[in-house]
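Because only heavy atoms are used, hydrogens play no part in the values below, and waters and symmetry mates are left out as well, while side chains stay in. Letters A, B, ... are given to chains in the order of the sequence lines, protein chains preceding strands, and every chain is numbered from 1.
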2 protein chains.
Amino acid sequence: MTRKYEEIERCDCDVIHEDVVYEVKKKMPREETLYDLAELFKVFGDSTRIKILWALEEAEMCVCDIAFLLNMTQSAISHQLRVLKQAKLVRSRKEGKIVYYSLSDDHVRQIFDQGLSHINEG
Amino acid sequence: MTRKYEEIERCDCDVIHEDVVYEVKKKMPREETLYDLAELFKVFGDSTRIKILWALEEAEMCVCDIAFLLNMTQSAISHQLRVLKQAKLVRSRKEGKIVYYSLSDDHVRQIFDQGLSHINEG
DNA sequence: ATAATATATGAATATTCATTCAAATGTTCA
DNA sequence: TGAACATTTGAATGAATATTCATATATTAT
């Protein structure tokens, strides 16, 4: 067979609808964009972080509060807050020795809502 | 200190804003709901699956087509399609020995859009 | 029936990652 | 200054999982 994509090496099977694939390939976003998107959703893909985000949607809280709410160690919460902060989903504010966390924007609620409506239709 | 939640054992620090935490706790969804939500986002949290979903948004395709498009083995794609199908994000249709996959609903696009708008604001 | 092809599947491997534990940092207060 | 406390951080451990490889299943054509 002849292939339009001659650089392809890892694929071990014949393409069946080459023209369709070719059109789809042209419309795909940049590799990097798709990677970033996956990285963002990976952050949402952990129930501890989901709980933290959901909680912060209700109120600003400090690390101890969240640890207490979720019945987890303060260290575990702190590690997860760092992940959330790196993803720019939460921001922090320091007041003395206490660090308050809150959501950094309102996408979280909208992403949750879309996810929930998918779940609730199954 | 006295705690309203006496069953809590794993938390190793004092709660600071007990009333806030108490109110937040009342508003939290069921544990199972939050778990399911995390499981759903976990499915989105892999760039191979993101690529598959994005591709299927453009056109229905068979396993070979997708493997060819993404330059991956047919086996790897098949494994990931199973994950997507279990999450009810894709559905399949068999025509002879060829299995065609497509998106099962339109939440995928909306979830992508929310994710992208978060990324593009950073 | 046999060959060829499309897909699925199970085991193995390698990597990623959530939590724990111990220790460090930074802040308040006596 | 030193004790107490809130938080952070780094290393270690164990669990989850993406891909590969080999093989199985199913369908079509000869």
Could you check whether B:Thr73 gets within reach of a base, just the sugar-phosphate, or nothing at all, counting any heavy atom under 4.0 Å?
-> sugar-phosphate
Sequence-distant partners of A:Asp113, side chain to side chain contact (heavy atoms under 4.5 Å, CB included), two or more places apart = A:Arg109
Test log, rule side-chain contact (heavy atoms from CB on, under 4.5 Å), inputs B:His107 and A:Glu121 | CA-CA 10 Å; B:His107 292 129; A:Glu121 284 181 13; 3.3 Å; yes
Nearest heavy-atom pair of A:Leu70 and B:Met28: which atoms, and what distance?
-> CD2-CE, 4.4 Å
Please output the side-chain donor-acceptor pairs of residues 33-40 of chain B that fall under 3.5 Å, not counting sequence neighbours, one pair per line with the distance.
residue	atom	partner	partner atom	Å
B:Glu39	OE2	B:Lys42	NZ	3.0

How would you list, by chain and number, every residue that makes a side chain to side chain contact (heavy atoms under 4.5 Å, CB included) with B:Val99, sequence neighbours excluded?
-> B:Ser92, B:Lys94, B:Tyr101
Derivation of the side-chain contact (heavy atoms from CB on, under 4.5 Å) call for B:Phe44 and B:Leu53 | CA-CA 9 Å; B:Phe44 283 90; B:Leu53 290 172; 3.8 Å; yes
Pair A:Glu31 + B:Lys51, salt bridge at N-O below 4.0 Å = yes
By side chain to side chain donor-acceptor pair (under 3.5 Å), which residues pair with B:Gln74, not counting sequence neighbours?
-> none
Pairs under 3.5 Å (N/O, protein and nucleotides 10-14 of chain D):
residue	atom	partner	partner atom	Å
D:dG10	O6	A:His79	NE2	2.7

Listed in order of residue number, which residues of residues 30-54 of chain A have a non-hydrogen atom at under 4.0 Å from DNA chain C?
-> A:Lys42, A:Asp46, A:Thr48, A:Arg49
Take the protein atom OH of A:Tyr101 and the nucleotide atom P of D:dT7, then report the distance between them rounded to whole Å.
-> 8 Å
Closest non-hydrogen atom pair between A:Val63 and A:Ser78, with its separation | CG1-N, 4.4 Å
Might you point out which heavy atoms bring A:Leu84 and A:Arg49 nearest each other, and give the distance in Å?
-> CD2-CD, 4.0 Å
Could you tell me whether B:Glu60 and B:Arg93 make a salt bridge, using a distance below 4.0 angstrom between a side-chain N and a carboxylate O?
-> yes
Quick one: list whatever passes side chain to side chain contact (heavy atoms under 4.5 Å, CB included) with B:Thr73, sequence neighbours left out.
-> A:Asp12, B:Ser75, B:Ala76
Axis-to-axis angle across the helix from C:dA1-D:dT30 to C:dA30-D:dT1, five pairs an end, to 10 degrees?
-> 20°
Are A:Leu69 and B:Val15 close enough that some pair of their side-chain heavy atoms sits under 4.5 Å apart?
-> no
Contact boundaries on DNA chain C for chain B, cut-off under 4.0 Å to non-hydrogen atoms = C:dT5 to C:dT20
Assert: residue with more 5' nearest nucleotide on DNA chain C, out of B:Val99 and A:Gln80, is B:Val99
5'-most by nearest nucleotide on DNA chain C - A:Ala76 or B:Ala76 = B:Ala76
Tell me, please, which residues at least two apart from A:Cys62 pass side chain to side chain contact (heavy atoms under 4.5 Å, CB included).
-> A:Cys64, A:Asp65, A:Ile98, A:Tyr100, B:Ile16, B:His17
Of all of residues 55-65 of chain A, which get a heavy atom below 4.0 angstrom from DNA chain D, listed by number?
-> A:Cys62, A:Val63, A:Cys64
Start with the C-alpha gap between B:Phe112 and A:Phe41, add the side-chain angles, then the distance that decides, and say whether side-chain contact (heavy atoms from CB on, under 4.5 Å) holds.
-> CA-CA 9 Å; B:Phe112 278 1; A:Phe41 288 125; 4.2 Å; yes
Given side-chain contact (heavy atoms from CB on, under 4.5 Å), test A:Leu103 with A:Leu89 step by step and report yes or no.
-> CA-CA 6 Å; A:Leu103 293 193; A:Leu89 292 170; 5.9 Å; no
Atom pair distance, as rounded to whole Å: OH in A:Tyr100 and C1' in D:dT7 | 13 Å
Verify, without hydrogens or angle tests, whether B:Ser104 (side chain) and B:Arg91 (backbone) share a donor-acceptor contact under 3.5 angstrom.
-> no
Can you check each nucleotide of nucleotides 23-30 of chain D against protein heavy atoms at under 4.0 Å and return B for base, S for sugar-phosphate only, - for none, in 5' to 3' order?
-> ---SBS--
Partner of B:Ile66 under side-chain contact (heavy atoms from CB on, under 4.5 Å), chosen from B:Met61, B:Met72, B:Gln80 | B:Met61
